[in-house]
Novice: 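Please find one structure pasted underneath; my questions will follow.
In what follows, every chain begins at residue 1, and chains take the letters A, B, ... in the order their sequences are listed. Everything numeric in this text was worked out from a predicted model, so none of it was measured.
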Number of protein chains: 2
Amino acid sequence: MPNPDQLNAFIAAAETGSFSAASRRLKKAQSAVSNAIINLEIETGVELFDRSKRNPVLTEEGETLLRSAYAIMESHHDFMSHAMALNAGEESHLCLAIEQNVSAQPLVELLVVFEEKFPHIELELLDPGTSDVASLLRSGRADLGLMMEQEHYPKGFMFRGIGHSRKIPVCSKHHPLAKLEQVSHSDLRRYRQLVPRSLDLEDKSHEAQILSPKVWYAESPFVIAEVLSAGLGWASLHEAIVKEQLEQGSLVALKRTYQQDASLQGVDVVWSRHKPLGKGGQWLLNECFKLNVG
Amino acid sequence: MPNPDQLNAFIAAAETGSFSAASRRLKKAQSAVSNAIINLEIETGVELFDRSKRNPVLTEEGETLLRSAYAIMESHHDFMSHAMALNAGEESHLCLAIEQNVSAQPLVELLVVFEEKFPHIELELLDPGTSDVASLLRSGRADLGLMMEQEHYPKGFMFRGIGHSRKIPVCSKHHPLAKLEQVSHSDLRRYRQLVPRSLDLEDKSHEAQILSPKVWYAESPFVIAEVLSAGLGWASLHEAIVKEQLEQGSLVALKRTYQQDASLQGVDVVWSRHKPLGKGGQWLLNECFKLNVG
DNA sequence: ACAATCTATCTCTAAATCAGATAGAAACTA
DNA sequence: TAGTTTCTATCTGATTTAGAGATAGATTGT
């Protein structure tokens, strides 16, 4: 198996067109380059250079093997830059949990830049249902979370608001509510309400949203949107979730007579204080601060 | 720069889960594997294995670096198999010249297999105009040619028929000739004839085809087909060239009253006797014999 | 013809590699 | 719990390898 020094000698000699020039570039003795290339030729059984003239010139076989040699050196450099990135404090794996209610779109644009800046980090994206971001962070499964703001975060977690998302009551355009100019709380109470609810039975955060005595639950807001589209009930969902359906017209937003401010919820980035973020996570966090995630 | 032995030790240890087992697989002393990995760790600055238990287990960083190590070894194997292919007599470059009149389609199917069998050979495809295949072979620019059979090949060339192609007189469906049930030589003589002619002014092989006193020439039969499609003149072209236009109906084949046999021409593979073909060329030649190129 | 520059090769030295032995730790067994 | 096996790290010494320096022979350019 050719070692990197032999390949570097081969490449330098091919590029400079001379073993002596190659030795100067590599800051080695000329005999070292000469030996390296002769050994490579013995090992491969291929005559890489034609020595009939004063300066060696690549044979046809040498020319094609040179391309394979470049490929090896490239993977070597990738390996080393990967190692150096780890040394510099990049994590090897970064897991983001983005609550389904939060629009991932601004983040996705960030990830294009992330890919370029941190090509060696394996990124994992989770999109857990309502409020399960917290448990993913607590268990250490996720490193960084994007979620709707909460009253209390578990001890040991840091958070920071990075934007807002509005919840709006929506229903199918065929639903009786869609016929009304404006809807009041008592209008809504008359129909079945669909409410996003966490897997975690301990989590009571959904209760505050319940208006109607006729309630169904679903974990995913996307599933709720589909049920609504079929004409069944109404729900208060985040804009990001129903953006497309509103544009297509399959769902409609209800105009409210009641106070709207309560429906404006903050979006937080959340991370653990004890499991420090690497370079990649820190960068992403910083970029999140610059965003307004809708 | 990590050398292949270090990387092999790393990979073997990761796969077997033990330095001792790795040393047995690599048929080296256990101390060699241990040293190789420790040196790799020093060189990269990354702790690859967690040694807190009896058996070493890959750290998270080690796991991702392992993937980069595989990539290096893969390019090494590619390099060596490339070298071994050259040793076994594969050429590094193979140039095929296929006359435009010959249907390349059966050959293209062969090339899929070729790519798998000879991944290291650089293939070059030329599609010269009429009868210029010969000069490409003579000059050494091409290694193997597919062309319409000739009376005489230059000395030093081998050839072998591998199929036949029929020449048929065609014109646009709007052309006066298209209205006739059958066409005779004297019908054809009344209209402009388009004739494929080589770049090479010495080449007189086109003269035998000329029927009409009103002649235009073109190098490429494809250009002729386009001129015909515009409604201008008629030409005797190979089936492979006008197959699509006949199916689409933009060109029509003329039914002849005269003898057809003369229009049936052989297709030859041609190669030089003095510039021996490599393994790839030989294989391709053999496969050509099994084909009937139309 | 001469000077400059190239490659291959020789020699010698320094460095790296590796096998074998050993000690200490961990896991398994009875 | 004590004994056995199997593991890793480390030391030592022998062998191999890599590389610098010097030199001879060849090629190119003046």
Side-chain angles (χ1 to χ4, degrees), chain A residues 1-59 61-63 65-66 69 72-73 76 79-80, chain B residues 1-59 61-63 65-66 69 72-73 76 79-80:
Chain A
M1 286 268 164
N3 68 33
D5 287 341
Q6 289 174 325
L7 296 171
N8 272 329
F10 176 32
I11 288 172
E15 284 182 355
T16 60
S18 141
F19 294 178
S20 300
S23 73
R24 290 189 288 270
R25 177 199 283 188
L26 299 173
K27 299 187 200 308
K28 295 196 169 183
Q30 176 263 325
S31 62
V33 172
S34 184
N35 277 326
I37 289 173
I38 286 175
N39 285 335
L40 193 56
E41 288 181 319
I42 291 169
E43 197 165 358
T44 58
V46 177
E47 197 193 42
L48 300 172
F49 291 93
D50 171 13
R51 276 105 157 159
S52 66
K53 298 279 152 55
R54 178 153 91 138
N55 279 17
V57 9
L58 271 178
T59 60
E61 293 88 27
E63 210 164 308
L65 271 181
L66 179 61
I72 296 179
M73 290 315 296
H76 267 282
F79 181 91
M80 288 311 285
Chain B
M1 286 269 165
N3 68 32
D5 287 340
Q6 290 174 324
L7 296 170
N8 272 329
F10 176 32
I11 288 172
E15 284 182 356
T16 59
S18 141
F19 293 179
S20 301
S23 72
R24 289 191 288 269
R25 177 199 284 188
L26 300 173
K27 298 185 201 307
K28 294 195 170 185
Q30 176 262 325
S31 61
V33 172
S34 185
N35 277 326
I37 288 172
I38 286 175
N39 286 335
L40 193 56
E41 289 181 318
I42 291 170
E43 197 166 357
T44 58
V46 176
E47 197 194 40
L48 300 171
F49 291 93
D50 172 13
R51 277 104 157 160
S52 65
K53 298 280 150 56
R54 180 155 92 136
N55 279 20
V57 10
L58 272 178
T59 60
E61 293 89 29
E63 210 163 309
L65 271 181
L66 178 62
I72 296 179
M73 290 315 297
H76 267 283
F79 181 92
M80 289 310 286

Novice: Just how far, in rounded Å, is P of D:dT6 from CD of B:Gln30?
Specialist: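 Rounded to the whole Å, the gap is 14 Å.
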
Novice: Output, in order, the C-alpha distance, side-chain angles, deciding distance and verdict of side-chain contact (heavy atoms from CB on, under 4.5 Å) for A:Phe10 and A:Leu58.
Specialist: CA-CA 10 Å; A:Phe10 176 32; A:Leu58 271 178; 3.8 Å; yes

Novice: What is the distance from CG of A:Leu26 to P of D:dA18, rounded to the nearest Å?
Specialist: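 Spelled out: CG on A:Leu26 to P on D:dA18 is 15 Å.
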
Novice: Find out whether A:Met73 and A:Asn8 are in side-chain contact, i.e. whether some heavy atom of one side chain is under 4.5 Å from a heavy atom of the other.
Specialist: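 Heavy-atom side-chain distance check passes, below 4.5 Å.
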
Novice: Hey, what do you get for CD1 (B:Ile38) to CZ (B:Arg51), rounding to the nearest 0.5 Å?
Specialist: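 Reported to 0.5 Å precision, the distance equals 5.5 Å.
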
Novice: Return the CD1 to CD distance between A:Ile37 and A:Glu47, rounded to the nearest 0.5 Å.
Specialist: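 So the gap between those two atoms works out to 12.5 Å.
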
Novice: Let me know the distance between CZ of B:Phe19 and C1' of D:dT6, rounded to the nearest Å.
Specialist: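 Nearest whole value for this atom pair: 15 Å.
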
Novice: CD of B:Glu41 versus P of D:dT8: gap in Å, rounded?
Specialist: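 After rounding, the gap between these two atoms is 13 Å.
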
Novice: Could you run down the sub-3.5 Å N/O contacts of the protein with nucleotides 24-30 of chain D?
Specialist:
from	atom 1	to	atom 2	distance (Å)
D:dT27	O2	A:Arg54	NH1	3.4

Novice: How would you give the extent of chain A contacts on DNA chain C, as first and last nucleotide 5' to 3' within a 4.0 Å heavy-atom cut-off?
Specialist: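 For DNA chain C, the relevant span reads C:dA4 to C:dT9.
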
Novice: Please round to the nearest 0.5 Å and tell me the distance separating atom CZ of A:Phe49 and atom CZ of A:Phe19.
Specialist: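 So the CZ of A:Phe49 and the CZ of A:Phe19 are separated by 5.0 Å.
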
Novice: Mind checking A:Ser18 for me? I need base, sugar-phosphate or nothing, with any heavy atom below 4.0 Å counting as a touch.
Specialist: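 Sugar-phosphate: the residue A:Ser18, judged by heavy atoms under 4.0 Å, touches backbone atoms but no base.
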
Novice: Specify the separation, in whole Å, of atom CG of A:Asn39 and atom P of D:dT16.
Specialist: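 Answer to the nearest Å: 16 Å.
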
Novice: Could you state the CG-C1' distance from B:Asn3 to D:dA18, rounded to the nearest angstrom?
Specialist: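 B:Asn3 atom CG is separated from D:dA18 atom C1' by 13 Å.
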
Novice: Quick one: are B:Thr16 and B:Arg24 in side-chain contact, heavy atoms under 4.5 Å?
Specialist: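 Heavy-atom side-chain distance check fails, nothing below 4.5 Å.
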
Novice: Measuring from A:Glu15:CD to A:Arg25:CZ, what's the distance to the nearest 0.5 Å?
Specialist: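 It is 4.5 Å, given to the nearest 0.5 Å.
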
Novice: Using whole Å, what does the distance between atom C1' of nucleotide D:dA22 and atom CG of A:Asn35 come to?
Specialist: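 Rounded to whole Å, this separation is 14 Å.
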
Novice: So do the side chains of B:Arg54 and B:Ser18 get within less than 4.5 Å of each other, counting heavy atoms only?
Specialist: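 Answer no - side chains too far apart.
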
Novice: May I have the distance from B:Ile37 (atom CD1) to D:dT10 (atom C1'), rounded to whole angstrom?
Specialist: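 My rounded result for the distance is 15 Å.
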
Novice: Are A:His76 and B:Leu7 close enough, and set up right, to give a side-chain contact (heavy atoms from CB on, under 4.5 Å), and what steps lead you there?
Specialist: CA-CA 11 Å; A:His76 267 282; B:Leu7 296 170; 4.3 Å; yes

